[in-house]
Amino acid sequence: MKLTPSQRIYCLAVILFVSLFICSLSFGRTGSPSFLVPLAVAGIAYLLAIREFFSIPRFPQHVILIGLVLAALWHVQFLRMPPGPDDDIHRYVWDGRVQRHGYNPYLIVPNDPAFSWLHTAETRTLNHPDVPTPYPAGAELFFRAITAIHESAFALKVAFVLCDFAIVLLLLDILRRDRQGMHWVLAYAWNPLLATEVAGSGHIDIVGALLLLISFYALGRQWRTVAAVAFGLAVSVKFLPIVLLPLYWKRVRIRDAILAAIVVGLLYIPFLQREWIPIGSLGTYVQSFRFNDPVFAALERVAAPQLVTALAVFLGFVIAIGMRKRSASLSADAFAWPMAGSLLCAPVVYPWYLLWTLPFVRSVSTLPIIIWTVSIIPTYVVWYLRALGRPWLLPGWVMLLEYGSVATAGTIIVFLRLTRPEMTRSLTDSVASGPERDLELKT
């Protein structure tokens, strides 16, 4: 008996739910076979669901509703799981605690014996205790605000999950206004990285992704001041979205940009020392931190790491400039690709970095990024290997699988566009059936 599209989506939803539930039971053994196998199954089910989303222009509302309810349930299951002992969230708790005791997290080093009394059971195992915080001021103030309500990793995880849910609500309104298929909200909500890296480990990136989506939404409504300020706040969470700056050219007024810069500057006032803008361990991060970086590693052989990092940022800017010139209409693709291009050349590419792109991937052109969010799953094996006493080194086969999948997808899309343009055009039409809006604004 042939299943209907809705029935196929329901089957995939059940597979996602069961596999992610099983994965959550081994969350304390990240990268182990009992963790990786069900997570990989969830990733495959997710990609099959994406295929269905491209094939069918509309799904019944009950399919979307049930899909979102199931996503909420597996989020709650991961939320119940304690984060790993050296997950970044313990640094978040430390940074918030340090601020509330009147100290500067850009100056205080966690393993300094003089500040050992500041530690709690949740902060003693934080990673890289020999360096101060690398996070921008917006992230630091967020840590302070949440830990002021309740000082715990769980409180931060709850805040991150609420940001995740807020993105879902915002995406629903964006899809409705653009007359796109509402089922594309599931392309975001069902991504396995949200379960592991937001509800599970808890990463600040989801806060930045929400602020960036608010900026995108505000641009679509021509709320230029809101768009500029939200973009500035997103950059103050992590610097990655700075490469999107060209997309705001002639879409926000000069006074909006100045206001956004002032707001970001004000965030740094509590941390200023001798009138220098604090960067904490950001320099150490660029100089010494490496993970999942084949492009950066190749370039670093012939250039200094600071120069290669600058090239990664430059690449993101170039992609953003090209997309801004290509079309005057606002496009989610234009927000996804500059960040993805910059990450491709970054010194560190953790799975949770791709959270920034998730609200903006729902077209054929972003399919390689969608595949990347799944092909990056095998990188978790390095945590398991480290637990076995192996060095912190990603196996070559993992990077080959990860980036080979992305390259293959990109090559196929380019080939189809050159040889069968009608196919890619029909797929694009099934995603975006609403009229494009010209957002060219005068400064």
Side-chain angles (χ1 to χ4, degrees), residues 43 46-47 50 167 171 184 187-188 191-194 197-198 203 205-206 208-213 215-216 231 234-235 237-248 291-299 308-327 330-379 398-414 417 428 431:
Y46 171 75
L47 291 180
I50 294 294
I167 289 176
L171 279 175
W184 279 103
Y188 169 82
N191 192 286
L193 290 182
L194 292 174
E197 301 303 342
V198 177
H203 284 284
D205 303 72
I206 197 66
L210 172 60
L211 290 167
L212 192 58
L213 185 63
S215 181
F216 175 84
F231 174 72
V235 173
V237 171
K238 276 193 175 179
F239 295 125
L240 174 62
I242 193 68
V243 299
L244 302 177
L245 194 58
L247 299 179
Y248 290 80
F291 181 78
N292 191 22
D293 60 332
V295 176
F296 188 95
L299 295 175
V308 181
T309 302
L311 287 174
V313 176
F314 178 72
L315 175 62
F317 270 103
V318 169
I319 296 173
I321 291 171
M323 293 196 139
R324 183 66 183 94
K325 287 182 176 180
R326 187 180 68 180
S327 175
L330 187 63
S331 167
D333 300 12
F335 273 65
W337 272 113
M339 293 189 292
S342 190
L343 282 175
L344 182 65
C345 302
V348 176
V349 187
Y350 288 124
W352 54 90
Y353 288 6
L354 295 180
L355 294 175
W356 286 89
T357 67
L358 286 183
F360 306 102
V361 289
R362 50 182 179 273
S363 68
V364 175
S365 68
T366 58
L367 188 56
I369 303 176
I370 296 174
I371 290 175
W372 193 7
T373 67
V374 174
S375 67
I376 202 171
I377 286 175
T379 62
V398 173
M399 286 191 286
L400 181 62
L401 175 62
E402 176 189 356
Y403 293 101
S405 300
V406 176
T408 301
T411 302
I412 292 174
I413 290 174
V414 171
R417 282 187 169 176
T428 302
V431 176

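Please read all numbers here as calculations on a predicted model, not as lab measurements. Numbers here simply count residues along the sequence, with the first being 1.
For L171 against P359, the heavy-atom pair with the smallest separation is CD2-O, 3.6 Å. Nearest heavy atoms, L247 versus A320: CD2-O, 3.5 Å. Across all their heavy atoms, Y353 and W356 have their closest contact at O-CD1, 3.3 Å. Summarising the geometry of P246 relative to R324, their closest heavy-atom pair is O-CG, 3.5 Å, with the distance given to 0.1 Å. Summarising the geometry of I377 relative to G43, their closest heavy-atom pair is CD1-CA, 4.4 Å, with the distance given to 0.1 Å.
Applying the side chain to side chain contact (heavy atoms under 4.5 Å, CB included) criterion to I412, with sequence neighbours excluded, gives T408, L416. Under the rule for a ring-ring contact (aromatic ring centres under 6.0 Å, His included), the partners of F231 that lie at least two apart in sequence or sit in another chain are Y248. For V313, the side chain to side chain contact (heavy atoms under 4.5 Å, CB included) criterion is met by V243, F317, not counting sequence neighbours. Partners of T357 according to the side chain to side chain donor-acceptor pair (under 3.5 Å) rule, which considers only residues two or more places apart in sequence or in another chain, do not exist here.
Between F216 and F360, the ring-plane angle classifies as perpendicular under the 30° and 60° cut-offs.
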Side-chain donor-acceptor pairs under 3.5 Å in residues 337-351, sequence neighbours left out?
residue: W337; atom: NE1; partner: S365; partner atom: O; Å: 3.0
residue: S342; atom: OG; partner: A312; partner atom: O; Å: 3.1

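The closest side-chain heavy-atom distance from S405 to L401 is below 4.5 Å. Residues E197 and D205 form no side-chain contact, since every pair of their non-hydrogen atoms from C-beta on lies 4.5 Å or further apart. Side-chain atoms of I206 and L194, non-hydrogen and from C-beta on, do get closer than 4.5 Å to each other. Residues L213 and F335 fail the side-chain proximity criterion, which asks for heavy atoms closer than 4.5 Å. A heavy-atom distance below 4.5 Å is found between the side chains of F296 and T309.
A donor-acceptor pair shorter than 3.5 Å cannot be found between the side chains of T379 and N292.
With rounding to the nearest 0.5 angstrom, the CD1 atom of I50 is 8.0 Å from the OG1 atom of T373. Note that CG of L47 and CD1 of I371 are 6.0 Å apart. Values are rounded to the nearest 0.5 Å. The line from OG1 of T366 to CG of L358 is 10.5 Å long, rounded to the nearest 0.5 Å. A distance of 11.0 Å separates CD1 of I319 from CZ of R326, quoted to the nearest 0.5 Å. How far CD1 of I376 is from CG of L193: 7.0 Å, rounded to the nearest 0.5 Å. Rounding to the nearest 0.5 Å places CG of N191 at 8.0 Å from CG of L355.
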